[in-house]
Each structure stands twice: as structure tokens, then as C-alpha cells.
Amino acid sequence: MSFRQAVAVTLSSLALAGTGLVTSASAASAAEGQLSAAATEHGCREGRVCLYRGASWNNDKPAFSYFEYGYYNLSGVTGTWRIFNNQTGGATMSTCKGFDGTLCEGNLQMGDHIDKNMTPINSITLQP
């Protein structure tokens with residue numbers, strides 16, 4: 001559970017426990033369930049960049065998911081893939097023709113997706 005989720009669950013538990021309607025354990029479970037459903041789009045958790053095989057959402061099952069800022073070298077990612085930037089706070093991502101985040105092109109904005117031929121792509125970067 002992420003720090004944001006833990007804080008939200010704790011606050012929800014305290015608010016609901018004060019009403020006497022539910023126990024804090026059930027309040028935490030309910031709040032966590034709501035966060036999980038709201039924080040996922042096309043199977044991609046909020047705050048992540050997800051890659052899907054082909055030019056589709058692949059039944060909402062990403063093949064790869066990346067979370068931390070920096071570069072990621074890709075292996076075996078060739079042909080057309082859908083890239084979805086589900087990061088928050090205005091974070092962007094780029095595809096790069098070189099390894100280690102070099103020779104990068106464009107920025108995919110938060111909330112956007114693109115279908116891209118990844119054959120010449122060797123890495124991606126996630127940046128704030």
C-alpha cells in the first residue's frame with residue numbers, strides 16, 4: 001500500500017469510526033477498495049506508465065508497468081505497443097532510441113496514450 005493510500009485509509013477509518021456505524025477494520029477495507037478502483041485505469045495503477053502489447057488495451061492487462069522517475073532499458077519490446085501515461089502531477093514520459101535514456105523523442109503528457117512502433121526504441125524515461 002502506498003503512503004497516499006495509507007493516509008487516506010487512516011483518515012477514512014478515523015472519520016467512520018467516529019460515527020459508530022462501522023468498525024475501523026471494515027472502514028479501512030472499504031476505503032482501500034474504493035482507492036484501488038478509483039486509482040486504476042485500463043489496469044494501470046495511478047502514478048505509473050504502462051505498456052500494452054499491440055495497439056489496444058489488451059483486456060486492461062499491461063505487460064509492463066513503471067513507477068519511479070528515471071530511465072528503463074527495454075528488452076524484447078518490439079513491434080507496436082500502446083503506451084499509457086497514468087502518472088500524476090503533470091509528469092511526462094518519453095521513448096528513446098538509445099539505451100540509458102539517450103536519444104529521446106517527444107513527451108507523452110499525463111493521461112495520454114499512444115500506439116507506437118517500438119522496434120527502434122531501446123529505453124523510456126519518466127520525468128516530473
Side-chain angles (χ1 to χ4, degrees):
M1 179 183 311
S2 73
F3 178 74
R4 284 186 275 181
Q5 289 175 322
V7 170
V9 168
T10 301
L11 292 175
S12 295
S13 297
L14 292 172
L16 292 173
T19 65
L21 296 175
V22 294
T23 66
S24 61
S26 63
S29 296
E32 187 173 332
Q34 290 171 348
L35 282 173
S36 295
T40 301
E41 189 171 341
H42 296 292
C44 186
R45 292 190 58 184
E46 184 177 72
R48 298 181 182 271
V49 169
C50 295
L51 276 64
Y52 303 80
R53 285 183 170 80
S56 74
W57 295 111
N58 196 28
N59 295 315
D60 291 344
K61 293 181 182 160
F64 300 101
S65 174
Y66 304 96
F67 181 72
E68 296 194 19
Y69 296 138
Y71 67 85
Y72 296 89
N73 290 325
L74 304 177
S75 177
V77 181
T78 59
T80 301
W81 288 69
R82 176 161 291 173
I83 304 169
F84 176 44
N85 183 1
N86 200 24
Q87 297 182 93
T88 60
T92 62
M93 69 82 50
S94 300
T95 56
C96 308
K97 292 185 177 181
F99 286 103
D100 302 333
T102 60
L103 304 172
C104 298
E105 52 191 19
N107 284 321
L108 186 63
Q109 301 300 312
M110 174 183 89
D112 288 343
H113 75 274
I114 187 172
D115 297 333
K116 185 161 184 86
N117 180 357
M118 299 292 280
T119 302
I121 304 303
N122 290 303
S123 61
I124 63 170
T125 61
L126 279 61
Q127 54 269 340

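The shown structure was predicted, so the numbers you read here are calculated from the model rather than taken from an experiment.
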Flag the pair [X] / [Y] as yes when at least one side-chain heavy-atom distance between them is below 4.5 Å, and no otherwise.
X    : Y    : result
D100 : N73  : yes
E105 : K116 : yes
V49  : Q87  : yes
T92  : Q109 : yes

For the pair [X] (side chain) and [Y] (backbone), establish whether a donor and an acceptor sit closer than 3.5 Å, ignoring hydrogens and angles.
X    : Y    : result
E46  : N86  : no
S94  : G106 : yes
N117 : T119 : yes
T125 : G70  : no
T88  : G47  : no

Residues that Y72 engages under ring pair (Phe, Tyr, Trp, His ring centres under 6.0 Å), provided they are two or more places apart: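 Ring pair (Phe, Tyr, Trp, His ring centres under 6.0 Å) check on Y72 returns Y66.
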Who passes ring pair (Phe, Tyr, Trp, His ring centres under 6.0 Å) against F64, sequence neighbours left out?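 Expected list: W81.
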Does [X] belong to the same Ile/Leu/Val/Met/Phe/Trp/Tyr cluster as [Y], with side-chain heavy atoms less than 4.5 Å apart forming each link?
X    : Y   : result
I114 : L51 : yes
L103 : F99 : no
V77  : M93 : yes

Other hydrophobic cluster members with F84, side-chain heavy atoms of Ile/Leu/Val/Met/Phe/Trp/Tyr under 4.5 Å, chained?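 Noted: F84 shares its cluster with Y52, W57.
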Any idea which heavy atoms bring A55 and R82 closest together, and the distance?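 Closest pair (atom of A55, atom of R82, distance): O-NH2, 3.4 Å.
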Which atom pair, heavy atoms only, marks the closest approach of G101 to S123?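 What the structure gives for the nearest pair is N-OG, 3.1 Å.
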Applying the side chain to side chain contact (heavy atoms under 4.5 Å, CB included) criterion to I83, which one of I121, D115, T95 satisfies it?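 Of I121, D115, T95, side chain to side chain contact (heavy atoms under 4.5 Å, CB included) with I83 is met by T95 alone.
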Spatial distance of atom CE (M110) from atom CG (N85) [nearest 0.5 Å]: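 So the gap between those two atoms works out to 8.0 Å.
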